[in-house]
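Below: one structure, written as structure tokens.
Note that these values count all heavy atoms, side chains included, but never hydrogens, waters or copies made by symmetry. Note that the coordinates shown come from a computational prediction; the quantities given were computed from them, not determined experimentally.
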Amino acid sequence: MKGLLFLVICLLLQAQGYAQPAAIARWAGANLLQEAPLRQAHTGISIYEPATGKYWYQYQDDKFFTPASNIKIFSLYTGLQLLGDSLPAIRYYENDTALFVKGVGDPSFLHPDYAWQPLLQLLQQTGKNIYLVPAVNQNKRFGAGWAWNDYADYYQPELNEWPMYGNVARIYHHRDTSLILPAAYDLEVTRDDTISELITDRDERNNIFFLKYNASQTGSSVTEVPFITGDIMQLRERLQDTLHKRIGITVSAPAVTFNTLRSIPADSLFTPMMHRSDNFFAEQTLMMASSLLWDTISTRRMITWMLDGNLKILPHPPQWVDGSGLSRFNLFTPRDFVSVLTDMYKRYPKDRLFHIFPTGGKGTLKNYYQQQFVHAKTGSLNGVVALSGYLVTRKNKTLVFSVMVNNHHDKAANVRRAVERLLTMIWKDY
């Protein structure tokens with residue numbers, strides 16, 4: 001009798017366990033996948049519960065997708081493992097008369113978001129001669145597969161060993177007054193009353209910037225336009241202009257061990273990287289990690305090292321080429337994202353992760369998930385919408401999920417709302 005009762009209980013529990021994914025599958029099949037934004041698109045969904053080790057729903061989660069900015073999840077994973085509690089600001093060595101400094105890719109130097117500038121203090125306060133030591137940088141200024149004609153768009157700053165000001169010029173405009181910082185750059189201002197909004201641009205091959213404005217516009221604006229970083233000579237010019245000191249360059253640095261100066265807390269970079277989907281911060285994260293490991297900056301080498309190491313957990317070996325997701329060469333499966341997110345969930349405190357990831361009403365999720373049950377990274381390119389992260393249900397079950405939509409031919413907002421309806425249904429019912 002006891003054996004029969006035990007069998008009945010087991011069957012009931014088993015049936016209960018399968019009721020959740022069956023109901024979700026029915027709803028998704030009847031609603032989500034039949035909606036106009038997704039009907040002709042390529043869609044993949046993976047929803048997993050770490051506590052039980054069970055997938056609640058899987059739909060084409062073994063297919064490869066262009067993930068757009070969901071790639072930043074992998075950059076975050078790399079940074080969490082390799083950068084430590086604070087970012088590396090610089091490698092340096094000093095003797096009685098000289099300070100030798102070598103860039104490691106820290107994007108926070110002179111960035112307006114960060115008031116604390118330990119590297120700037122070091123350079124300002126030293127009375128010694130300062131010498132730049134070229135870093136071994138195997139990266140190009142743009143990532144693999146990036147759009148060449150986005151060079152003047154705020155979201156695609158150039159990548160280099162020693163960023164300054166976030167590698168963008170900031171153009172300030174109010175009424176008929178305009179200025180540019182760094183002030184060393186030229187800004188050509190034109191009044192054009194035929195335009196309806198402020199237009200900024202940059203010469204493709206020179207640091208000459210342009211602004212057109214309509215005199216009827218009364219508000220203030222700040223526009224970011226990437227500048228050409230150039231070689232170490234141009235880096236020296238920017239540093240000299242900032243420090244008002246002479247900077248030397250040496251290719252024969254002392255054969256000694258360089259110290260590492262640390263800068264801002266790592267999470268103070270990771271959080272805006274994820275909340276506002278900062279491409280520059282994501283790319284420089286991989287570059288800093290590479291520099292710390294090998295004293296060589298190489299995104300390709302860093303990616304290979306991660307894929308051959310901790311990312312062996314991925315069920316489907318991906319094609320990973322950059323840190324930001326600007327490239328369409330990236331190819332990942334939804335299950336890959338669920339795997340790395342699950343590993344992060346096991347390694348790091350939940351409160352820390354949920355703070356780093358945007359939630360409803362904040363960052364790139366500002367207009368979605370107002371109940372704040374989702375902590376996730378968005379991804380958007382033309383024809384691409386992705387969302388991967390964590391979902392906490394009303395019954396306090398934590399799920400890891402990834403939803404990827406490629407080749408849609410609709411408004412991105414319509415796709416996002418369709419995904420929101422799926423995840424909201426799961427949050428309410430479970």
Side-chain angles (χ1 to χ4, degrees), residues 66-76 78-79 103-111 134-171 182 185 200-210 223-235 237-238 269 272-273 276-291 296-307 318-332 379-384:
T66 298
S69 282
N70 271 204
I71 283 293
K72 293 182 178 71
I73 293 171
F74 282 85
S75 297
L76 172 65
T78 302
V104 296
D106 178 11
S108 71
F109 182 61
L110 298 182
H111 195 291
V136 180
N137 184 2
Q138 297 177 355
N139 280 10
K140 296 182 178 180
R141 61 192 179 115
F142 291 145
W146 287 14
W148 71 268
N149 56 338
D150 290 352
Y151 64 86
D153 291 328
Y154 74 93
Y155 54 79
Q156 193 170 289
E158 293 187 5
L159 314 177
N160 73 330
E161 66 194 59
W162 193 327
M164 295 178 65
Y165 313 105
N167 283 355
V168 297
R170 289 173 176 82
I171 299 174
Y185 294 141
T200 56
D201 202 354
R202 194 203 78 213
D203 184 84
E204 181 184 345
R205 293 181 173 86
N206 298 282
N207 281 323
I208 301 173
F209 297 81
F210 308 95
T223 309
E224 296 181 350
V225 181
F227 57 73
I228 298 171
T229 55
D231 58 17
I232 197 166
M233 299 295 290
Q234 290 170 288
L235 170 60
E237 290 177 10
R238 287 193 294 275
L269 182 89
M273 177 179 90
R276 67 181 182 228
S277 200
D278 195 300
N279 297 318
F280 184 60
F281 285 179
E283 296 292 346
Q284 297 288 148
T285 292
L286 295 187
M287 293 169 69
M288 285 186 289
S290 171
S291 181
T296 297
I297 294 174
S298 173
T299 295
R300 180 181 295 180
R301 185 177 179 184
M302 188 70 259
I303 287 172
T304 300
W305 190 85
M306 288 297 294
L307 291 175
Q319 181 170 292
W320 180 16
V321 302
D322 74 355
S324 61
L326 281 172
S327 178
R328 291 181 183 268
F329 293 170
N330 294 305
L331 291 172
F332 284 72
S380 302
L381 289 170
N382 185 30
V384 174

task = Indicate the atoms forming the closest heavy-atom contact of G323 with L286, along with that distance.
result = CA-CD1, 3.6 Å
ask   = Can you say whether the rings of F332 and W320 are parallel (under 30°), tilted (30 to 60°) or perpendicular (over 60°)?
value = perpendicular
message = Counting C-beta onward and ignoring hydrogens, is there a side-chain heavy-atom pair between P318 and F74 closer than 4.5 Å?
response = no
request  = Output the distance between atom CZ (R202) and atom CG (D153), rounded to the nearest 0.5 Å.
outcome  = 10.5 Å
key: Beyond-backbone contact of Q156 with N279, side-chain heavy atoms, under 4.5 angstrom   = no
task = Can you measure from CD1 (I232) to CH2 (W162) and round to the nearest 0.5 angstrom?
result = 9.0 Å
remark   = Given the options S324, S277, S380, S69 meets side-chain hydrogen bond (donor to acceptor under 3.5 Å, both in side chains) only with S277
key: Spacing of M287 atom CE and N137 atom CG [to the nearest 0.5 Å]   = 5.0 Å
task = Measure up the H111 and F281 rings against each other and bin them: parallel (under 30°), tilted (30 to 60°), perpendicular (over 60°).
result = tilted
ask   = Looking at side-chain heavy atoms only, is the closest gap between L331 and T66 below 4.5 Å?
value = yes
note = Note: Y185 and A169 closest approach over all heavy atoms is CD1-CB, 4.3 Å
ask   = Can you name the nearest heavy-atom pair linking P107 to F280, along with the distance?
value = CB-CE2, 3.6 Å
query = What distance separates Q234 CD from I228 CD1, expressed to the nearest 0.5 Å?
reply = 7.5 Å
query = Does N382 CG have over 12 foreign heavy atoms under 6.0 Å away?
reply = no
ask   = Under the criterion side-chain contact (heavy atoms from CB on, under 4.5 Å), which of D278, D322, N139 is the partner of E283?
value = D322
ask   = CZ of F210: more than 12 outside heavy atoms within 6.0 angstrom?
value = yes
message = Below 30° counts as parallel, above 60° as perpendicular, anything between as tilted: where do the rings of W146 and F142 land?
response = tilted
task = Indicate yes or no for a side-chain donor-acceptor contact from S291 to the backbone of I297 under 3.5 Å, with no hydrogens or angles considered.
result = no
message = With a 4.5 Å cut-off on side-chain heavy atoms, are T299 and Q138 touching?
response = no
Exercise: identify the closest heavy-atom pair between L269 and T285 = CD2-OG1, 3.6 Å
task = Report yes if some heavy atom in the side chain of R238 is under 4.5 Å from a heavy atom in the side chain of P182; otherwise report no.
result = no
ask   = Is there a side-chain contact between M164 and L235 (heavy atoms, below 4.5 Å)?
value = yes
ask   = Going through the distances and angles, do V168 and V225 end up as a side chain to side chain contact (heavy atoms under 4.5 Å, CB included)?
value = CA-CA 5 Å; V168 297; V225 181; over 6 Å; no
note = salt bridge (Lys or Arg N to Asp or Glu O under 4.0 Å) filter on R300, not counting sequence neighbours, yields none
query = Shortest non-hydrogen contact from D201 to A152?
reply = OD1-CB, 3.5 Å
Inter-residue atom distance S108.OG - M288.CE, 0.5 Å rounding = 7.5 Å
key: Side chains of D150 and Y155 in contact at under 4.5 Å (non-hydrogen atoms)   = yes
remark   = Closest heavy-atom pair, S327 versus V321, reported as atoms and distance to 0.1 Å, is OG-CG2, 3.4 Å
Non-hydrogen side-chain atoms of N167 and P226 separated by less than 4.5 Å = no
message = Nearest 0.5 angstrom please: L307 CG to T304 OG1, how far?
response = 6.5 Å
inquiry  = Taking A135's backbone N and O only, do any of them form a donor-acceptor pair with E161's side chain (distance below 3.5 Å, no angle check)?
reply    = yes
request  = Kindly determine whether L159 and Q284 satisfy side chain to side chain contact (heavy atoms under 4.5 Å, CB included), including the steps that lead there.
outcome  = CA-CA 7 Å; L159 314 177; Q284 297 288 148; 3.8 Å; yes
key: Non-neighbouring partners of R301 that pass salt bridge (Lys or Arg N to Asp or Glu O under 4.0 Å), sequence neighbours left out   = none
inquiry  = Under the rule for side-chain hydrogen bond (donor to acceptor under 3.5 Å, both in side chains), what residues qualify as partners of T200, not counting sequence neighbours?
reply    = none
